[in-house]
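Below: one structure, written as structure tokens.
What you see is a predicted model; the values in this text were computed from it and never measured.
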Amino acid sequence: MTGLSRRRFLQGLAGVGAGVLSGCGGLPFFWGAKAHVVVVGGGFGGATAAKYLRLLNANIQVTLIEPKAKYITCPGSNWLFAGLTGLDQLTVDYQALQDKYGIKLLIDRVSSLDAGQRRLRLAGGQSVSYDRLIMSPGIDFRWDTMAGYDQAAAEQFPHAWQAGPQTLMLARQLQAMPDGGVVLLAVPVDPYRCPPGPYERASMMAYWLKKHKPRSKILILDAKRSFSKQALFEAGWTKHYGYGTANSLIEWHSLADNPLLELDKPNRVLTSEFGDRFRGDVLNIIPPQTAAHIALQQGLADSTGWCPVRPLTGQSLFDDFIHVIGDAAHYAPIPKSAFAANSEAKACALAVTSLLNQTPVPEAHWLNTCYSLIAPDHGISVAGVYKLDAADAIAPVKGAGGVSARADAQVAAAEADYTRAVYRNLIADTFG
């Protein structure tokens, strides 16, 4: 990022985030009785929305519905492959949201939604009514794009794109691979959760392999022609992993015109449309993605598989009383990241509070920053600020954000420190 230090930019991000919610703590509340807002999904979008609704107006009754009592964060999960963290360090709970903010937590799963009656039915049998509903259900996977790769096959060849047991499985497969083995990392088309994620994952795997199995190789088989922060990743791979040489730990192959079509499970082979065969010892296949099943089931998604919304309020185009945020929603050009979900949640919470008050919804700004580690002492980032343009579409703010500058080792190490600090701050802001 030219002309702006990383520290100053992060301070700027904090200032903009505060500005989105400035002056809202004393909003009057004119609802005749306590309004009830239900939030479905306890990730970075849903947990943030629940918390900030209560911060904006403590008279709003907030119920958070989440099937898991503890949440394992996808951000930071790639670091596990390098031996830099573990699942315990990536696990958070909802205790602070209950104790500090008075949010009611229901550990359950939504089985059906009656939008006309504004009522949810839970798998445990409970019925929950709402005045407004915020959906932040996350992603699901398309299992119809590669013959031989389905949900059952993913138990043998994990995607690990929802952090948890599959993350550990993939790490153990990497550790068990012989020196000189090959990792196939298949990357889907856009859009998908965390665009830089596959390339950070390759970096973290390469870091571990360099130390323990240096004759091995990672082949990135990419359905795209280019990828997020490509120049920065490739520069880092060149520095640390011999990228571009015969002994490189990482190779990147664009298969945009030659997509992968089939998995031969017994032989661990991926075959492309042109008949190219890629054999690996470890296969990390990341499927194309859609909004989570509950969003599709309830008709909140369009033909793209994602949920279209009115950006200012997050309201679904199909139901004014349902708001959709996070990875499931279409907020393009904002990428699908945890930081973006946190930002969308704050804007949505402010909009919901305003709608309940029957007051104008303030102008919204959204923020995103995606930090990635190439090595423990080498971080890179991309950041952006967004607002509505004259056509009420989301557009980047010119001159704000940008990518890391190619810099010396000291700057790269500072970026690595920022990477970890941003993760800690995001956890604290969402769940603390």
Review point. Does NE2 in His330 sit with more than 12 non-hydrogen atoms of other residues, nucleotides or ligands closer than 6.0 Å?
Key: no
Ignoring hydrogens and angles, write down the donor-acceptor pairs under 3.5 Å from the side chains of residues 165-174, residues two or more places apart or on other chains.
from   : atom 1 : to     : atom 2 : distance (Å)
Gln166 : OE1    : His159 : N      : 3.0
Gln166 : OE1    : His159 : ND1    : 3.4
Gln166 : OE1    : His159 : NE2    : 3.4
Gln166 : OE1    : Ala160 : N      : 2.9
Gln166 : NE2    : Ala154 : O      : 3.0
Thr167 : OG1    : Gly164 : N      : 3.1
Thr167 : OG1    : Gly164 : O      : 3.4
Gln173 : NE2    : Gln156 : O      : 3.0

**Study point:** Min side-chain heavy-atom separation Pro311-Leu388 under 4.5 Å
**Key:** yes
Check your understanding: In terms of the angle between their ring planes, are His253 and Phe278 parallel, tilted or perpendicular, with boundaries placed at 30° and 60°?
Key -> tilted
Practice item. Examine distances only and state if a side-chain atom of Glu415 and a backbone atom of Ser404 form a donor-acceptor pair shorter than 3.5 Å. Key: no
Practice item. Examine distances only and state if a side-chain atom of Asn368 and a backbone atom of Val385 form a donor-acceptor pair shorter than 3.5 Å. Key: no
Check your understanding: Checking Gln89 side chain against Gly86 main chain: does a donor-acceptor pair fall under 3.5 Å?
Key -> yes
Practice item. Give a yes or no on whether the backbone of Lys104 and the side-chain of Tyr94 come within a donor-acceptor separation of less than 3.5 Å. Key: no
**Study point:** Over 12 non-hydrogen atoms of neighbours within 6.0 angstrom of CZ in Arg279
**Key:** yes
Exercise for review: Kindly indicate, with the supporting measurements, whether the criterion side-chain contact (heavy atoms from CB on, under 4.5 Å) is fulfilled by Val110 and Leu122.
Suggested key: CA-CA 4 Å; Val110 175; Leu122 306 186; 3.9 Å; yes
Point to revise | Separation between CG of Leu185 and OH of Tyr199, rounded to the nearest 0.5 Å | key: 8.0 Å
Point to revise | Pair Leu270-Met146, side-chain contact (heavy atoms from CB on, under 4.5 Å): steps then yes or no | key: CA-CA 9 Å; Leu270 294 174; Met146 184 186 298; 3.7 Å; yes
Practice item. Specify the closest pair of heavy atoms between Ala338 and Phe44, including all atoms of both residues, with the distance to one decimal. Key: CB-CD1, 3.5 Å
Review point. Quick one: does Lys68's side chain have a donor or acceptor within less than 3.5 Å of a partner on Asp93's backbone?
Key: no
Review point. Quick one: CD1 on Ile103 to CG on Leu105, what's the gap to the nearest 0.5 Å?
Key: 9.0 Å
Point to revise | Side-chain H-bond candidate by donor/acceptor type, Tyr423 with Thr73, under 3.5 Å | key: yes
Exercise for review: Please determine if Lys387 and Glu363 form a salt bridge, counting it only when a charged side-chain N lies under 4.0 Å from a carboxylate O.
Suggested key: no
**Study point:** Side chain to side chain, Phe141 and Gln151, heavy atoms closer than 4.5 Å
**Key:** no
Point to revise | Flag, side chain of Tyr241 to backbone of Ile374, donor-acceptor distance under 3.5 Å | key: yes
Review point. If you measure only the distance, is there a donor-acceptor pair under 3.5 Å linking the side chains of Trp79 and Glu200?
Key: yes
Point to revise | Leu184 and Arg268: CA distance, side-chain angles, deciding distance, side-chain contact (heavy atoms from CB on, under 4.5 Å) verdict | key: CA-CA 10 Å; Leu184 301 182; Arg268 299 175 179 266; over 6 Å; no
Point to revise | Nearest atoms (heavy-atom pairs only) where Tyr130 meets Val38 | key: CB-CG2, 3.6 Å
Review point. Are Leu97 and Arg54 side-chain neighbours, meaning at least one heavy-atom pair lies under 4.5 Å?
Key: no
Exercise for review: Look only at the side chain of Ser216 and the backbone of Val182, and say whether a donor-acceptor pair between them is shorter than 3.5 Å.
Suggested key: no
Review point. Would Leu373 and Arg420 count as a side-chain contact (heavy atoms from CB on, under 4.5 Å) if you check the C-alpha gap in whole Å, the side-chain angles of each, and the deciding distance to 0.1 Å?
Key: CA-CA 9 Å; Leu373 289 181; Arg420 289 179 276 266; 3.8 Å; yes
Exercise for review: Identify the heavy atoms of Val324 and Val309 that sit nearest to each other, and give their distance.
Suggested key: O-CG1, 3.6 Å
Practice item. Compute the ring centroids of Phe233 and Trp252, then answer whether they are less than 6.0 Å apart. Key: no
Exercise for review: Report yes or no: does Asn425 contribute a side-chain atom to a donor-acceptor pair with the main-chain N or O of Ala421 at less than 3.5 Å?
Suggested key: yes
Practice item. Check Pro335 against Ala340 and note the closest heavy-atom contact, atom names and distance. Key: O-CB, 3.4 Å
**Study point:** Interatomic spacing from NZ in Lys346 to OG1 in Thr430 - rounded to 0.5 Å
**Key:** 7.5 Å
Practice item. Mind telling me whether Tyr149 and Trp143 have parallel, tilted or perpendicular rings, with 30° and 60° as the class edges? Key: tilted
Practice item. Measure the CG-CG distance between Leu113 and Asp319 for me, rounded to the nearest 0.5 Å. Key: 7.5 Å
**Study point:** Contact summary for Pro188 and Ile286, nearest pair of heavy atoms
**Key:** CD-O, 3.5 Å
Practice item. Could you verify whether a donor N or O on one side chain and an acceptor N or O on the other, from Asn57 and Thr353, lie under 3.5 Å apart? Key: no
Check your understanding: Any side-chain heavy-atom pair from Asp327 and Tyr192 closer than 4.5 angstrom?
Key -> no
Point to revise | Donor-acceptor contact below 3.5 Å, side chain Ser77 vs main chain Cys74 | key: yes
Review point. Atom OG in Ser248, atom OH in Tyr243: separation rounded to 0.5 Å?
Key: 7.5 Å
Review point. Can you tell me how far NZ of Lys229 sits from OG of Ser381, rounded to the nearest 0.5 angstrom?
Key: 6.5 Å
Please report, to 0.1 Å, the donor-acceptor pairs under 3.5 Å made by any side chain of residues 132-140, with sequence neighbours excluded.
from   : atom 1 : to     : atom 2 : distance (Å)
Arg132 : NH1    : Asp320 : O      : 2.7
Arg132 : NH1    : His323 : NE2    : 3.2
Ser136 : OG     : Gly46  : N      : 3.2

Review point. Would you say the side chain of Cys307 lies within less than 4.5 Å of the side chain of Ser316, judging by non-hydrogen atoms?
Key: no
Practice item. Check whether any side-chain heavy atom of Ile220 sits under 4.5 Å from a side-chain heavy atom of Arg201, and report yes or no. Key: no
Study note, to complete from the structure: Heavy atoms of Ser343 and Leu367 approach each other most closely as OG-N, 2.9 Å
Point to revise | side chain to side chain donor-acceptor pair (under 3.5 Å) between Tyr52 and Asn342, intermediate numbers included | key: CA-CA 10 Å; Tyr52 274 80; Asn342 172 277; over 6 Å; no
Check your understanding: How about Leu87 and Leu80: do any of their side-chain heavy atoms sit closer than 4.5 Å?
Key -> yes
Review point. So, Trp161 side chain and Arg193 main chain: donor-acceptor pair closer than 3.5 Å or not?
Key: yes
Check your understanding: Does a donor on one side chain and an acceptor on the other come within less than 3.5 Å for Thr304 and Asp302?
Key -> yes
Practice item. May I ask you to decide whether Lys213 forms a salt bridge with Asp281, counting only side-chain N to carboxylate O separations under 4.0 Å? Key: no
Acceptor/donor pairs from residues 257-266 side chains to any protein atom, 3.5 angstrom cut, sequence neighbours excluded:
from   : atom 1 : to     : atom 2 : distance (Å)
Asp257 : OD1    : Arg225 : NH2    : 2.4
Asp257 : OD2    : Arg225 : NH2    : 3.0
Asn258 : OD1    : Ser272 : OG     : 2.9
Asn258 : OD1    : Glu273 : N      : 3.3
Asn258 : OD1    : Phe274 : N      : 2.7
Asn258 : ND2    : Ser272 : OG     : 3.1
Asn258 : ND2    : Asp276 : OD2    : 2.7
Asp264 : OD1    : Asn267 : N      : 3.4
Asp264 : OD2    : Asn267 : ND2    : 2.8
Lys265 : NZ     : Gly148 : O      : 3.1

Exercise for review: Could you tell me whether the side chain of Val422 reaches within less than 4.5 Å of the side chain of Phe339, counting heavy atoms only?
Suggested key: yes
